[in-house]
Peer 1: 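Let me begin by handing over the structure; questions about it come next.
Throughout, a chain's letter reflects where its sequence line sits, starting with A, and its residues are numbered from 1.
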There are 2 protein chains.
Amino acid sequence: MPCGSKSVSMIGLFAALADTTRLRLLNLMAGREVCVCYFVEILGQSQPKISRHLAYLRQAGIVAARREGKWMHYSICTPADAAAASILAAALEALGNDRKMRADRARLDRACCAPKEKVVFPGRS
Amino acid sequence: MPCGSKSVSMIGLFAALADTTRLRLLNLMAGREVCVCYFVEILGQSQPKISRHLAYLRQAGIVAARREGKWMHYSICTPADAAAASILAAALEALGNDRKMRADRARLDRACCAPKEKVVFPGRS
DNA sequence: GCCTCACATTCGCTTAGACGAATATATTAT
DNA sequence: ATAATATATTCGTCTAAGCGAATGTGAGGC
């Protein structure tokens, strides 16, 4: 679904992609919506830093934010401009082939989608 | 044909693409080798500025330079890294859809590849 | 109301990049 | 060797971006 509001200038898109932290954030958002607290946990970076980079991506028009109570969820939003969309897609696919990026995703899987605690049934130690 | 020498970090590639002048240069080089003097003429920018941006692109590993006498010819060289190559390809394709970029290419055609003067056949006005 | 949690933003600093102007280098012509 | 041409690099300045530290804001919980 297209993002709509802000026009993504080509330059702005490339500038947004030219930063390690932002690429890692986008990588974690590939195909899913992610809460800020997970970004902080997985990337091991300060919360203000994460927040600033998310703001940058939002202004660049490639992610959208959704509030849910106290939490903010971010997700990638395909730019309306077809050219920008194809570049973003190429970038995301490239990220999927990177070892470190895969490791980040794996850690997010474990932190986010795994059961909170190992479930222990009484009497089964 | 791959460029080889310098590894193109993803970040470096995006940074190289995040500048109007450099995108215009790449656009002019799409599918052909171009002499520096044409860049200067077509873009209407100072020679040192053009030269600096070409150096940046060369360091980023996405263009190659070839000397021929007093002249330097630049051309796009596909990065060895497949991910970088696909991103560069997507970028170039996107450039081809832009009005201003098309205009630049047209001007290069006229300056570089057109007959120097209109050929006039005698007796045909 | 007040307090806390989850984020966002601002401040001051440092650094990278872009620019014009000037200068340096390499090649050919004389 | 000198000069001219084509291109590259350096210098000084300015602006934008990244960072940590501190502070601001918005939503629940009490």
Side-chain angles (χ1 to χ4, degrees), chain A residues 5-6 8-26 28-29 33-75 108 111-112 116, chain B residues 5-6 8-26 28-29 33-76 108 111-112:
Chain A
S5 58
K6 304 213 171 169
V8 183
S9 80
M10 202 90 132
I11 304 295
L13 175 60
F14 287 127
L17 296 174
D19 179 274
T20 309
T21 304
R22 290 196 289 271
L23 285 184
R24 292 180 77 189
L25 291 171
L26 286 170
L28 289 178
M29 282 183 270
E33 195 187 49
V34 180
C35 178
V36 172
C37 57
Y38 288 118
F39 291 131
V40 174
E41 179 183 341
I42 302 300
L43 299 195
Q45 310 271 315
S46 76
Q47 176 268 317
K49 177 172 169 177
I50 296 292
S51 209
R52 263 182 320 216
H53 283 291
L54 286 169
Y56 196 123
L57 289 172
R58 189 152 29 87
Q59 279 192 254
I62 54 185
V63 309
R66 184 178 64 85
R67 177 176 284 279
E68 187 181 322
K70 290 190 287 190
W71 296 276
M72 292 293 285
H73 299 271
Y74 284 81
S75 55
L108 178 58
C112 173
K116 307 294 182 193
Chain B
S5 58
K6 303 214 173 173
V8 184
S9 80
M10 202 93 132
I11 304 295
L13 175 61
F14 287 127
L17 296 174
D19 179 274
T20 308
T21 303
R22 289 196 290 270
L23 284 184
R24 292 180 77 189
L25 290 171
L26 285 171
L28 290 178
M29 282 183 270
E33 194 188 49
V34 180
C35 178
V36 172
C37 59
Y38 286 119
F39 290 131
V40 173
E41 179 183 341
I42 302 300
L43 300 194
Q45 310 271 317
S46 76
Q47 175 268 319
K49 177 172 171 177
I50 296 292
S51 208
R52 265 183 319 225
H53 282 292
L54 286 170
Y56 195 122
L57 290 173
R58 190 151 28 88
Q59 281 192 255
I62 54 185
V63 309
R66 184 178 65 85
R67 179 176 282 278
E68 188 181 322
K70 290 190 287 190
W71 296 277
M72 292 293 286
H73 300 271
Y74 282 82
S75 55
I76 295 175
L108 179 59
C112 173

Peer 1: I need the A/Leu26 CG to A/Ile62 CD1 distance, nearest 0.5 Å.
Peer 2: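 So the CG of A/Leu26 and the CD1 of A/Ile62 are separated by 5.0 Å.
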Peer 1: Under 4.0 Å: is that the gap between some side-chain N or O of B/His53 and OP1 or OP2 of C/dG17?
Peer 2: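 No, B/His53 has no side-chain N/O under 4.0 Å of OP1/OP2 on C/dG17.
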Peer 1: Considering only heavy atoms of chain B and a distance under 4.0 Å, specify the first and last nucleotide of DNA chain D in 5' to 3' order that meet this criterion.
Peer 2: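 Contact span on the strand: D/dT5 to D/dT10.
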Peer 1: What distance separates A/Thr21 OG1 from A/His53 NE2, expressed to the nearest 0.5 Å?
Peer 2: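 Taking OG1 in A/Thr21 and NE2 in A/His53, the distance rounds to 4.0 Å.
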Peer 1: Stepwise, does the side-chain contact (heavy atoms from CB on, under 4.5 Å) test hold for A/Glu41 with A/Cys37?
Peer 2: CA-CA 6 Å; A/Glu41 179 183 341; A/Cys37 57; over 6 Å; no
Peer 1: Output, in order, the C-alpha distance, side-chain angles, deciding distance and verdict of side-chain contact (heavy atoms from CB on, under 4.5 Å) for B/Tyr56 and B/Gln59.
Peer 2: CA-CA 5 Å; B/Tyr56 195 122; B/Gln59 281 192 255; 5.9 Å; no
Peer 1: Restricting to salt bridge (Lys or Arg N to Asp or Glu O under 4.0 Å), what partner residues turn up for B/Arg24, sequence neighbours left out?
Peer 2: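 Applying salt bridge (Lys or Arg N to Asp or Glu O under 4.0 Å) to B/Arg24 gives B/Asp104.
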Peer 1: Take atom CZ of B/Arg66 and atom C1' of C/dT27, then tell me their distance rounded to the nearest Å.
Peer 2: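 For the pair B/Arg66 CZ and C/dT27 C1', the rounded distance is 15 Å.
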Peer 1: With sequence neighbours excluded, tell me which residues meet salt bridge (Lys or Arg N to Asp or Glu O under 4.0 Å) with B/Arg67.
Peer 2: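 B/Arg67 satisfies salt bridge (Lys or Arg N to Asp or Glu O under 4.0 Å) with no residue once adjacent residues are dropped.
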Peer 1: What residues form a side chain to side chain contact (heavy atoms under 4.5 Å, CB included) with B/Ala65, not counting sequence neighbours?
Peer 2: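 So B/Ala65 forms a side chain to side chain contact (heavy atoms under 4.5 Å, CB included) with B/Arg58, B/Met72, B/Tyr74.
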Peer 1: Mind checking the CG-CG spacing from B/Leu57 to B/Leu17? Nearest 0.5 Å is all I need.
Peer 2: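 Reported value, rounded in 0.5 Å steps: 8.0 Å.
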Peer 1: Is there any protein nitrogen or oxygen under 3.5 Å from a nitrogen or oxygen in nucleotides 14-16 of chain C, and what are the pairs?
Peer 2:
none

Peer 1: Rounding to a whole Å, what distance do you find between B/Gln45:CD and C/dA21:P?
Peer 2: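 Going from CD in B/Gln45 over to P in C/dA21 covers 13 Å.
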Peer 1: Between the protein and nucleotides 8-10 of chain C, which nitrogen or oxygen pairs come in under 3.5 angstrom?
Peer 2:
from: C/dA8; atom 1: OP1; to: A/Tyr74; atom 2: OH; distance (Å): 2.5
from: C/dA8; atom 1: OP2; to: A/Ser51; atom 2: OG; distance (Å): 2.5
from: C/dA8; atom 1: O5'; to: A/Ser51; atom 2: OG; distance (Å): 3.2
from: C/dA8; atom 1: N7; to: A/Gln47; atom 2: NE2; distance (Å): 2.7

Peer 1: Specify the residue among A/Lys70 and A/Ser46 whose closest nucleotide of DNA chain D lies further upstream toward the 5′ end.
Peer 2: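 Nearest nucleotide further toward 5': that of A/Ser46.
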Peer 1: Between atom CZ of A/Phe39 and atom NZ of A/Lys49, what is the distance when rounded to the nearest 0.5 Å?
Peer 2: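 Answer for the CZ-NZ pair, A/Phe39 versus A/Lys49, is 14.5 Å.
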Peer 1: Starting from the C-alpha separation in whole Å, work towards a yes-or-no answer on side-chain contact (heavy atoms from CB on, under 4.5 Å) for B/Met29 and B/Leu54.
Peer 2: CA-CA 11 Å; B/Met29 282 183 270; B/Leu54 286 170; 4.1 Å; yes
Peer 1: Could you state the atom-to-atom distance from CD1 of B/Ile11 to C1' of C/dG17 in whole Å?
Peer 2: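 The answer, rounded to whole Å, is 16 Å.
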Peer 1: Enter the distance from B/Leu28:CG to B/Leu23:CG here, rounded to the nearest 0.5 Å.
Peer 2: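 So the CG of B/Leu28 and the CG of B/Leu23 are separated by 11.0 Å.
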